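Just so we're clear, the structure is a prediction, and the values are computed from it rather than from any experiment.
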Amino acid sequence: MGSETFDSVVSTWTLCSIDDVAKALREIHRVLRPGGRLFFLEHGLSDDAGVRRWQNLLNPVQRVLGCGCNLNRNMKTLIEDAGFDVVRLKNFYMRNDLKTHSYMYQGVAIKGREI
């Protein structure tokens, strides 16, 4: 795939289970045109210290039972570290689910600086 080919990329419930998530995000950054947008809906590390503690404790078991899914990835930080500017972010818990498994990152990031 050529560099700077796409206007947007959508990622939903995928970044939790990719082994090298930083590499995947760098690839998304590479294929987006300048000013391109990453639309994302991912679950990850909670902002609540008590929930985070349980996410970190449960993560090794979750990775086995959940086919590589991680509970404790800070999606905002990972996206920013890949050279994106997060311009819209909503964090929330999905209803009727365990807090350890349902802390959501929903947002839009724009291709920013080159990494």
Side-chain angles (χ1 to χ4, degrees):
M1 215 176 303
S3 295
E4 298 184 348
T5 304
F6 296 97
D7 295 323
S8 61
V9 171
V10 177
S11 177
T12 56
W13 293 292
T14 55
L15 298 177
C16 65
S17 60
I18 296 172
D19 284 334
D20 192 345
V21 69
K23 182 178 178 182
L25 285 165
R26 285 192 307 271
E27 183 64 8
I28 291 169
H29 189 276
R30 182 187 71 78
V31 301
L32 279 174
R33 291 185 175 126
R37 295 178 185 266
L38 168 61
F39 297 90
F40 58 92
L41 177 63
E42 302 285 346
H43 73 97
L45 190 64
S46 174
D47 62 355
D48 179 284
V51 175
R52 275 197 314 268
R53 183 172 46 254
W54 278 105
Q55 286 176 311
N56 289 323
L57 287 169
L58 293 171
N59 200 63
V61 173
Q62 172 66 19
R63 286 187 43 80
V64 173
L65 297 178
C67 300
C69 174
N70 290 272
L71 299 172
N72 61 353
R73 289 184 174 172
N74 185 320
M75 295 301 172
K76 181 179 186 282
T77 299
L78 289 167
I79 291 168
E80 289 175 337
D81 287 352
F84 289 94
D85 297 318
V86 175
V87 295
R88 189 172 348 151
L89 180 64
K90 179 180 175 184
N91 294 108
F92 59 95
Y93 291 101
M94 290 177 36
R95 282 195 250 174
N96 303 321
D97 205 351
L98 297 171
K99 284 190 171 184
T100 54
H101 291 67
S102 67
Y103 188 75
M104 303 302 297
Y105 294 73
Q106 177 184 25
V108 179
I110 296 177
K111 180 177 180 176
R113 71 192 185 288
E114 291 302 317
I115 50 172

Task: Same apolar cluster: V31 and L15, side chain cutoff 4.5 Å - done: yes
- [ ] Starting at SG of C16, measure out to CG of L78 and round the result to the nearest 0.5 Å.
- [x] 11.5 Å
- [ ] Evaluate the side-chain proximity of I110 to F84: yes if any heavy-atom separation is below 4.5 Å, no if none is.
- [x] no
Open item on the list: What's the separation between atom CZ in R88 and atom CD in Q106, rounded to the nearest 0.5 Å?
Closed with: 8.5 Å
Open item on the list: On a heavy-atom basis, which atom in G68 and which in N70 lie closest, and how many Å separate them?
Closed with: O-ND2, 3.2 Å
Open item on the list: Could you check whether any side-chain N or O of D7 sits under 3.5 Å from a backbone N or O of G36, counting only pairs where one atom can act as donor and the other as acceptor?
Closed with: no
- [ ] Assess whether atom CZ of R33 is packed by more than 12 heavy atoms of other residues, nucleotides or ligands within 6.0 Å.
- [x] yes
TODO: Search all heavy atoms of S46 against all heavy atoms of Y93 and return the closest pair with its distance.
DONE: OG-OH, 2.5 Å
Open item on the list: Using only atom types and a distance under 3.5 Å, with no angle test, would you say the side chain of D85 pairs donor to acceptor with the backbone of V87?
Closed with: no
- [ ] Decide if atom CZ of R73 counts as having more than 12 heavy atoms of other residues, nucleotides or ligands within a radius under 6.0 Å.
- [x] yes
Task: For the student: nearest non-hydrogen atoms of S11 and L38, plus distance - done: CB-CD1, 4.3 Å
Task: Atom pair OH/CG of Y103 and L71 - distance to nearest 0.5 Å - done: 14.0 Å
Open item on the list: So does V86 get a backbone contact from the side chain of E80, meaning a donor-acceptor N/O pair under 3.5 Å?
Closed with: no
Open item on the list: Could you report the tightest heavy-atom contact between F39 and S8, atom names first, then the distance?
Closed with: CE1-CB, 3.7 Å
- [ ] Using a 4.5 Å cut-off on heavy atoms from C-beta on, say whether the side chain of L45 contacts that of Y105.
- [x] yes
Task: Side-chain touch W54/V51, heavy atoms, less than 4.5 angstrom - done: no
Open item on the list: Looking at N56 and R52, would you say the former's side chain and the latter's main chain have a donor-acceptor pair under 3.5 Å?
Closed with: yes
Task: Shortest non-hydrogen contact from L25 toward A82 - done: CB-CB, 3.5 Å
Open item on the list: For a quick check under 3.5 Å, do S3 and R30 share a side-chain donor-acceptor pair by atom type?
Closed with: yes
Open item on the list: Has N74 got a side-chain atom pairing as donor or acceptor with K76's backbone, closer than 3.5 angstrom?
Closed with: yes
Task: Approximate separation, where rounding is to 0.5 Å, of I18 CD1 and C69 SG - done: 11.5 Å
- [ ] Calculate, to the nearest 0.5 Å, the distance between atoms CD and CG belonging to Q55 and L98 respectively.
- [x] 10.5 Å
Open item on the list: Test your reading of the model: is there a side-chain donor-acceptor pair from E42 to the backbone of W13, 3.5 Å cut-off?
Closed with: yes
Task: Cluster overlap V21 with I28, hydrophobic side-chain contacts below 4.5 Å - done: yes
- [ ] Answer yes or no: is there a donor N or O on one side and an acceptor on the other, between the side chain of K111 and the main chain of P34, under 3.5 Å?
- [x] no
- [ ] Look up atom CD1 in I79 and atom CG in L89, then write down how far apart they are to the nearest 0.5 Å.
- [x] 8.0 Å
- [ ] Quick one: closest heavy-atom pair of V108 and R37, and the distance?
- [x] CG1-NH1, 3.8 Å
